[in-house]
Amino acid sequence: MNVYGFDSTIYDGEVIIDFLMFCVKKDISLTKYIPIATRTVTLYKMNKLPIEKVYELIEQMTSKVIKNRKQANSLVKEFWLHHKHKLNKYFLDRINSDDVIITASPRILTSGISNELKTNNIICSELNLETGKFDFLCFGENKLIAFKERYPNATIDEFYTVSMSDSSLIEISNKAFLVKKKTPPKRIK
């Protein structure tokens, strides 16, 4: 089995950030979040802010954006109509039905495009649409925990990621590849 990251691997960018920006365009009252969102994402990208702080901001915005499950599904459907082109054909062509996609992105976003991903084996963050809070953040060590819970005896043949924060999954993979935009994946293990 091969395991793929989603953000900046299969999807060109951070899907949750793109989704929130999409929502800001739909609801002008959310523009007040743009300065703090920009600062938060910038600090995170510079490794000066933990991912948990980014997700705290996402929870704040999500509770304002999504009022109910029906509205959430409608927004996600519309989002993917405009962002499907950001799926990386290089990886989509390689995914098999027994492969796994693992991501910090919430299930509501990955389920909105699951038919394109060629696998039902998707491990992701769990966002509670009733509370706007994350019940589970699939990031760092949590990715390994979630993977082992779901596939206790599985062997990862190849693992594709953009982040060394996935080091625990890199360690248990036979081969691991670091993905950088517009270049072939570089083998790191």
Side-chain angles (χ1 to χ4, degrees), residues 2-28 30-31 33-34 36-47 49 51 54-55 57-59 61-62 64-66 71-97 99-127 129 134 137-140 143 158-166 169 176-186 188:
N2 293 335
V3 177
Y4 300 88
F6 187 70
D7 294 296
S8 299
T9 303
I10 294 171
Y11 180 82
D12 182 17
E14 301 282 334
V15 71
I16 188 86
I17 302 301
D18 286 356
F19 178 70
L20 291 173
M21 293 310 296
F22 170 80
C23 291
V24 166
K25 290 177 187 174
K26 307 249 340 134
D27 183 349
I28 199 74
L30 297 172
T31 56
Y33 287 100
I34 290 175
I36 188 137
T38 303
R39 183 177 185 280
T40 301
V41 170
T42 300
L43 289 173
Y44 168 70
K45 293 285 186 184
M46 295 170 55
N47 294 318
L49 194 69
I51 190 70
V54 176
Y55 276 81
L57 176 64
I58 290 168
E59 285 178 341
M61 291 182 71
T62 301
K64 304 288 188 254
V65 171
I66 297 174
Q71 181 198 26
N73 290 333
S74 176
L75 277 170
V76 168
K77 185 177 180 179
E78 186 178 351
F79 169 79
W80 281 117
L81 286 174
H82 297 281
H83 290 79
K84 183 177 169 181
H85 70 279
K86 292 183 80 171
L87 294 172
N88 187 323
K89 186 168 173 25
Y90 176 86
F91 288 108
L92 290 178
D93 289 344
R94 283 160 178 71
I95 298 171
N96 293 311
S97 62
D99 289 337
V100 175
I101 295 169
I102 192 161
T103 179
S105 292
R107 181 167 310 282
I108 185 134
L109 291 177
T110 59
S111 65
I113 198 70
S114 60
N115 58 334
E116 300 289 327
L117 301 177
K118 300 181 191 171
T119 183
N120 292 321
N121 305 320
I122 302 172
I123 302 170
C124 48
S125 293
E126 299 296 340
L127 176 65
L129 294 178
F134 284 92
L137 183 56
C138 189
F139 184 80
K143 283 187 178 181
E158 296 181 0
F159 177 55
Y160 295 85
T161 184
V162 296
S163 176
M164 293 308 290
S165 68
D166 291 334
L169 286 171
F177 298 86
L178 195 58
V179 177
K180 295 204 181 219
K181 196 171 187 173
K182 298 185 181 181
T183 60
K186 179 184 175 186
I188 56 174

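Predicted model only: the values in this text are computed from it and were never measured.
Considering only heavy atoms from C-beta on, Asn73 comes within 4.5 Å of Ile108 through its side chain. Between Phe6 and Leu117, the closest side-chain pair of non-hydrogen atoms falls below 4.5 Å. Side chains of Tyr11 and Leu87 form a contact here, defined as non-hydrogen atoms less than 4.5 Å apart. At least one side-chain heavy atom of Ile113 sits under 4.5 Å from a side-chain heavy atom of Lys84. A 4.5 Å side-chain heavy-atom check between Leu169 and Thr161 finds every atom pair outside the cut-off.
The neighbour count for Lys118 NZ, taken as heavy atoms of other residues, nucleotides or ligands under 6.0 Å away, is above 12. Enclosure of atom CD1 in Ile36 is not indicated, since only 12 or fewer non-hydrogen atoms of other residues, nucleotides or ligands lie within 6.0 angstrom.
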Task: Chi angles and distances behind the side-chain contact (heavy atoms from CB on, under 4.5 Å) call for Leu129, Arg107 - done: CA-CA 11 Å; Leu129 294 178; Arg107 181 167 310 282; over 6 Å; no
Open item on the list: Between Ile95 and Ile101, is the side-chain contact (heavy atoms from CB on, under 4.5 Å) condition met? List the steps.
Closed with: CA-CA 9 Å; Ile95 298 171; Ile101 295 169; 4.0 Å; yes
Open item on the list: With side-chain contact (heavy atoms from CB on, under 4.5 Å) as the criterion, how do Val179 and Phe91 come out once you've worked through the C-alpha distance, each side chain's angles and the decisive distance to 0.1 Å?
Closed with: CA-CA 11 Å; Val179 177; Phe91 288 108; 3.7 Å; yes
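At least one donor-acceptor pair under 3.5 Å links the side chain of Trp80 to the backbone N or O of Leu109. Judged by distance alone, with hydrogens and angles left aside, the side-chain atoms of Asp99 form a donor-acceptor pair with the main-chain N or O of Asn2 at under 3.5 Å. Between the Asn120 side chain and the Ser97 main chain, no donor and acceptor come within less than 3.5 Å of each other. Within the 3.5 Å criterion, the main-chain N or O of Asp12 finds a donor-acceptor partner in the side chain of Lys86.
Between Phe19 and Phe79, the angle of the ring planes goes over 60°, which puts this pair in the perpendicular group of the 30/60° scheme. Taking the six-membered ring where tryptophan is involved, the planes of Phe177 and Tyr160 are essentially parallel, since the angle between them stays under 30° and well short of 60°.
Across all their heavy atoms, Ala104 and Ser125 have their closest contact at O-OG, 2.6 Å. Closest heavy-atom contact between Asn96 and Thr119: O-CB, 3.7 Å. The nearest pair of heavy atoms linking Val162 to Ser8 is CG1-O, 2.9 Å. Pairing each heavy atom of Cys124 with each of Ser105, the nearest pair is CB-O, 3.0 Å. In plain terms, the two heavy atoms of Ser111 and Ser114 that are nearest each other are O-OG, 3.2 Å. Between His83 and Phe22, the shortest heavy-atom contact is CE1-CD1, 4.2 Å.
Here the straight-line distance linking atom CG of Leu137 with atom NZ of Lys143 works out to 9.5 Å at 0.5 Å rounding. For the atom pair Lys89 NZ and Arg94 CZ, the distance stands at 9.5 Å (nearest 0.5 Å). Atoms CD and CG, from Glu14 and Asp7 in turn, are 4.5 Å apart once rounded to the nearest 0.5 Å. A distance of 12.5 Å separates OH of Tyr90 from CD1 of Ile10, quoted to the nearest 0.5 Å.
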